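Everything below concerns the one structure shown next.
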Amino acid sequence: QQQVKQSPQSLIVQKGGISIINCAYENTAFDYFPWYQQFPGKGPALLIAIRPDVSEKKEGRFTISFNKSAKQFSLHIMDSQPGDSATYFCAASSTDSWGKLQFGAGTQVVVTP
Amino acid sequence: DSGVTQTPKHLITATGQRVTLRCSPRSGDLSVYWYQQSLDQGLQFLIQYYNGEERAKGNILERFSAQQFPDLHSELNLSSLELGDSALYFCASSVASGGQPQHFGDGTRLSIL
C-alpha cells in the first residue's frame with residue numbers, strides 16, 4: 001500500500017517554465033517531508049525538506065508548498081533548466097517510526113531546450 | 001558527493017547464491033538505512049540501524065539480514081537469491097533518526113542471472 005501518492009508520473013516542461021509535482025499522504029503522524037532528485041546511475045540526492053509547522057519553504061529555484069489540512073504537499077521548480085531533467089521523489093517520515101522514509105512513486109521530469 | 005560510500009557498485013551472481021553489500025556512512029552519522037529500488041516496487045525501506053542497534057524494519061525478507069559494526073559501517077546480507085531480488089540497493093545515513101536529513105550513497109546494482 002502506497003502511503004505517499006505522487007503525481008504526475010512524468011512531465012515535460014520547456015526551459016524557463018515551471019514544473020509542479022504533487023504528493024498526498026494519509027498518515028497524520030508524518031512530520032518530515034523531504035524531496036529527492038535522482039539522476040540515472042546515482043542515488044537520490046536531498047533537494048529540500050519541510051516540516052508541518054510551516055506552509056512554504058524556498059531554496060533557490062525550488063519551493064515546497066505544504067497544506068496540512070488537505071494532507072498534501074508539492075514541489076515547484078521555477079525557471080526550469082535542462083540540467084533539472086531527472087526523477088523527483090517525495091517522501092515522508094514520522095519521528096515515532098525512527099525516521100524511515102516512505103517514498104512516492106517518482107516523477108520523471110524532462111526539460112526541453 | 002553525499003559522503004556515503006557503497007561497495008561494490010555492481011554485483012552479478014546466480015540464483016541460490018549469497019552476497020554482502022557494504023555501506024560506510026558519512027562521518028559523524030550514527031544512523032544507517034537500507035532501501036531497495038526496483039521498477040515495480042519503487043523505493044522501499046528495508047531496515048535501519050542506530051549506533052549498532054536495529055531500530056526499524058520494513059518489508060525485509062527473512063533471507064535478508066543486516067548489521068552495523070562498532071565503526072558504524074553496515075552490511076546487508078542477501079541469501080538464497082532469487083531472480084526477483086535483482087534491484088538497486090541503497091544505503092542512507094543521518095546524524096540521528098526521526099526526521100533528520102538522510103543522505104544516500106550511489107547504490108549497489110544487483111543482477112541475478
Side-chain angles (χ1 to χ4, degrees), chain A residues 1-10 21 23 25 27-54 57 59 62 64 66 73 86-108, chain B residues 1-7 9-10 21 23-26 29-51 53-60 66 68 87-109:
Chain A
Q1 181 186 356
Q2 196 90 35
Q3 291 204 32
V4 180
K5 295 185 179 178
Q6 183 172 347
S7 63
Q9 193 172 5
S10 63
I21 306 169
C23 285
Y25 64 97
N27 188 348
T28 55
F30 286 151
D31 54 13
Y32 177 68
F33 303 89
W35 284 89
Y36 284 85
Q37 178 189 57
Q38 186 178 26
F39 293 104
K42 294 291 189 180
L46 181 62
L47 205 54
I48 186 172
I50 198 167
R51 299 185 193 276
D53 53 343
V54 297
K57 184 174 181 179
E59 288 184 5
F62 300 92
I64 298 179
F66 186 83
F73 58 111
T87 301
Y88 293 81
F89 293 93
C90 63
S93 72
S94 62
T95 302
D96 62 4
S97 66
W98 293 93
K100 65 181 182 183
L101 290 170
Q102 303 282 354
F103 282 91
T107 296
Q108 187 170 19
Chain B
D1 182 8
S2 69
V4 178
T5 303
Q6 288 188 250
T7 57
K9 291 191 186 307
H10 304 278
L21 282 51
C23 169
S24 293
R26 292 191 325 161
D29 285 358
L30 298 179
S31 265
V32 169
Y33 303 77
W34 286 97
Y35 295 86
Q36 180 192 60
Q37 185 175 38
S38 61
L39 282 175
D40 55 343
Q41 295 291 323
L43 269 161
Q44 298 284 325
F45 168 76
L46 294 178
I47 197 165
Q48 182 216 355
Y49 282 81
Y50 176 77
N51 204 20
E53 293 190 14
E54 181 187 306
R55 289 299 188 190
K57 255 184 174 179
N59 295 326
I60 187 168
Q68 187 179 28
L88 272 164
Y89 291 85
F90 288 106
C91 166
S93 73
S94 65
V95 172
S97 58
Q100 299 297 318
Q102 292 181 30
H103 300 274
F104 282 71
D106 283 338
T108 293
R109 180 175 294 279

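If you're wondering where the values come from, they're calculated on a predicted model, not measured in any experiment. A, B, ... follow the sequence lines: proteins, then strands. Residue 1 opens every chain.
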**OP:** Determine, step by step, whether Arg51(A) and Phe33(A) satisfy the side-chain contact (heavy atoms from CB on, under 4.5 Å) criterion, reporting the C-alpha distance in whole Å, the side-chain angles of both residues, the deciding distance to 0.1 Å, and the verdict.
**Re:** CA-CA 6 Å; Arg51(A) 299 185 193 276; Phe33(A) 303 89; over 6 Å; no
Original post:
Which region of Phe30(A), side chain (C-beta onward) or backbone (N, CA, C, O), has a non-hydrogen atom less than 4.5 Å from a non-hydrogen atom of chain B, or is it both or neither?
Top reply: neither
**OP:** Any chance you could lay out the side-chain contact (heavy atoms from CB on, under 4.5 Å) test for Gln102(B) and Tyr36(A), step after step, and finish with the verdict?
**Re:** CA-CA 10 Å; Gln102(B) 292 181 30; Tyr36(A) 284 85; 3.5 Å; yes
Original post:
Hey, are the side chains of Tyr33(B) and Leu46(B) touching, using non-hydrogen atoms and a 4.5 Å cut-off?
Top reply: no
Original post:
Are more than 12 heavy atoms from other residues, nucleotides or ligands located less than 6.0 Å from atom CZ of Arg109(B)?
Top reply: no
**OP:** Could you tell me which portion of Ser93(A) (side chain, backbone, both or neither) has an atom closer than 4.5 angstrom to a non-hydrogen atom of chain B?
**Re:** side chain
Subject >> Top contributor to chain A contacts, counting heavy-atom pairs under 4.5 Å, from Arg55(B), Gln37(B), Gln48(B) >> reply: Arg55(B)
Original post:
Where on Gln41(B) is there a heavy atom nearer than 4.5 Å to chain A: the side chain, the backbone, both, or neither?
Top reply: neither
Original post:
For Gln108(A), does the CD atom sit with more than 12 other heavy atoms under 6.0 Å from it, leaving out its own atoms?
Top reply: no
**OP:** Pick one of side chain, backbone, both or neither for Leu101(A), based on which atoms fall under 4.5 Å of a heavy atom in chain B.
**Re:** both
Original post:
Taking every heavy-atom pair that is under 4.5 Å apart, which of Ser2(B), Gly42(B), Pro101(B) has the most such pairs with chain A?
Top reply: Pro101(B)
Subject >> Heavy-atom proximity to chain B below 4.5 Å, by part of Pro34(A) >> reply: neither
Original post:
Under the criterion ring-ring contact (aromatic ring centres under 6.0 Å, His included), which of Phe66(A), Phe89(A), Phe103(A), Phe73(A) is the partner of Trp35(A)?
Top reply: Phe73(A)
